[in-house]
Amino acid sequence: MSNNNRNFGAGPGKIPDEVLKEAQLEFLSYQNIGFSVTELSHRSEAYAKINQEAQDDLRELLNVPSNYKILFLHGGGQGLFSAVAMNLIGENGTANYAVAGIWSKIAANEAKKYGRIDLVFPEPDSGTIPAINDWTINPKASYLYYCDNETIQGIEFPFVPDSKEVPLVADMSSNLLTRKFDVSKFGVIIAAVQKNLGTAGLGIVIIKDTLLDKALNICPSILNFKLINEYESILNTPPIFSIYMFGKVLKWIKNQGGLDKMEQLSIQKSQLLYNTLKQSNGFYHNNIPEQNRSRINVPFRINKGDVDMENKFLKEAEERKLFQLKGHKLVGGIRVSMNNAVTCEDVQVLVEFMKEFQQENQ
Ligand SMILES: *Cc1c(COP(=O)(O)O)cnc(C)c1O
């Protein structure tokens, strides 16, 4: 857009300018109905259409098979951590977790409230994901859980784990709709939308229909997958604005050329950035093994973790309107998030700045 502001935040992350403009244009009167979408009844025909179209577009983009349901829930990512456990851990009360980073660890700890959780490999400290043959999967586990893209450390799975007969559950909050994959390999896919797909408030569940009816009695109705499905995701007042924005982002992705295009761009953008790190000869340093590096979130340290230098980098970046580059507080340093709405030009401008900064400060 004309203002040259560039947002590299992980989440809430960048929403396409076109989507924000469209929402702005119709904010006071949604499609000329005379009032705002934030004032719209969830029992109205207009909302039923927003709800249905968002589901249909997601189904189309991801090629979701007809025996999978799409559900919209409150509670964001962490709400879904609890929902997964309460809906799936089932009668035998045990599940397997592949903990390769901070988000899967938080999910595993949350699930421990509802049953026995076994890790399929010892927690790695270097960002290395063990090969699937080295995982200990209990064939009787109710499900096997992993996080496809660890947003904080920048670790992404280069493969879909083969869980055999055990239903596979994946958190794709920060990389859903950035690459193609086969939905039928999964039992459940969860995602909070505010990283890459819209504005906070909405959690998405894509679930194989045979897994719908296994919730523990203690599961609250608003997190109960079977009930939410029966009510077509309008059991109580949904986060309407968030679903409306999500729907617009999906249409934007379709207009851009769908998943093929998003995948191609994400490879291009991440290669540009990782090459810049490599060419800096250690001035910029990312410690994740190459095969497990995220295409979406790229954390790095400057000058071996020189905090003053990193703060200087952040300040000068902001002066150039390069925003939200501060690393997550648990890992520090810098983090560049290249969500779908971040353009190749945005990354180009950033790497030019990085090169100049290195020259001036090395
Ligand atoms: C941000 C994030 C979450 C948590 O999302 P909230 O909506 O803040 O609870 C979970 N998983 C991943 C991969 C995330 O990036």
Side-chain angles (χ1 to χ4, degrees), residues 7-15 71-88 95 97-113 117 123-124 127 129 143-158 160-161 168-179 181 186 188-206 220 222-223 228 238-239 241-243 245-246 249 266 270 288 292-299 324-331 335-342:
N7 176 7
F8 297 97
K14 184 168 170 55
I15 292 173
L71 315 176
F72 295 152
L73 275 73
H74 295 272
Q78 297 206 42
L80 294 172
F81 294 170
S82 317
V84 161
M86 284 191 280
N87 278 280
L88 300 177
Y97 276 67
V99 170
I102 290 164
W103 284 119
S104 46
K105 186 172 184 169
I106 294 173
N109 284 337
E110 191 64 30
K112 280 178 192 159
K113 296 175 183 169
I117 302 304
E123 231 177 286
I129 300 167
Y143 61 93
L144 168 64
Y145 180 104
Y146 79 109
C147 175
D148 202 42
N149 186 67
E150 288 283 358
T151 322
I152 295 174
Q153 294 115 313
I155 302 164
E156 189 172 29
F157 271 67
V160 174
L168 184 62
V169 179
D171 176 3
M172 297 195 185
S173 291
S174 46
N175 68 348
L176 189 69
L177 294 168
T178 67
R179 66 177 174 190
F181 64 92
F186 294 83
V188 178
I189 294 159
I190 60 169
V193 299
Q194 74 272 16
K195 300 286 155 62
N196 189 34
L197 301 173
T199 194
L202 168 63
I204 303 166
V205 176
I206 302 171
I222 61 158
L223 295 180
I228 300 288
F241 187 71
S242 184
I243 292 165
M245 290 294 282
F246 174 59
V249 170
S266 107
S270 56
I288 304 300
N292 299 332
R293 285 176 166 178
S294 169
R295 294 162 300 123
I296 313 300
N297 309 99
V298 183
Q324 303 210 90
L325 286 162
K326 195 173 166 61
H328 192 280
K329 63 181 190 300
L330 293 174
V331 297
R335 174 172 55 176
V336 180
S337 294
M338 294 172 288
N339 296 333
N340 283 340
V342 172

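For ligands, and for the atoms within them, numbers begin at 1 and follow the listed sequence.
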key: Qualifying residue, where the test is side chain to side chain contact (heavy atoms under 4.5 Å, CB included) with I190 and the options are L73, L80, I204   = L80

inquiry  = Could you check whether any side-chain heavy atom of Y143 comes within less than 4.5 Å of a side-chain heavy atom of V84, counting everything from C-beta outward?
reply    = yes

Any donor-acceptor pair under 3.5 Å from S294 side chain to E156 backbone = no

query = Testing T178, N297, N196, D171 for side chain to side chain donor-acceptor pair (under 3.5 Å) with N149, which one passes?
reply = N297

inquiry  = Evaluate F246 against F241 for ring pair (Phe, Tyr, Trp, His ring centres under 6.0 Å), listing each step before the verdict.
reply    = CA-CA 9 Å; F246 174 59; F241 187 71; over 10 Å; no

task = Kindly assign one of parallel, tilted or perpendicular to the pair Y146 and F186, based on the angle between their ring planes and the thresholds 30° and 60°.
result = parallel

Which protein N or O atoms sit under 3.5 Å from any N or O of ligand 1? Give each pair with its distance.
| unit_1 | atom_1 | unit_2 | atom_2 | d |
| --- | --- | --- | --- | --- |
| ligand 1 | 7 (O) | G77 | N | 2.8 |
| ligand 1 | 7 (O) | Q194 | NE2 | 2.8 |
| ligand 1 | 9 (O) | G77 | N | 3.3 |
| ligand 1 | 9 (O) | Q78 | N | 2.8 |
| ligand 1 | 11 (N) | D171 | OD2 | 2.6 |
| ligand 1 | 15 (O) | W103 | NE1 | 3.4 |
| ligand 1 | 15 (O) | T151 | OG1 | 2.4 |
| ligand 1 | 15 (O) | K195 | NZ | 2.6 |

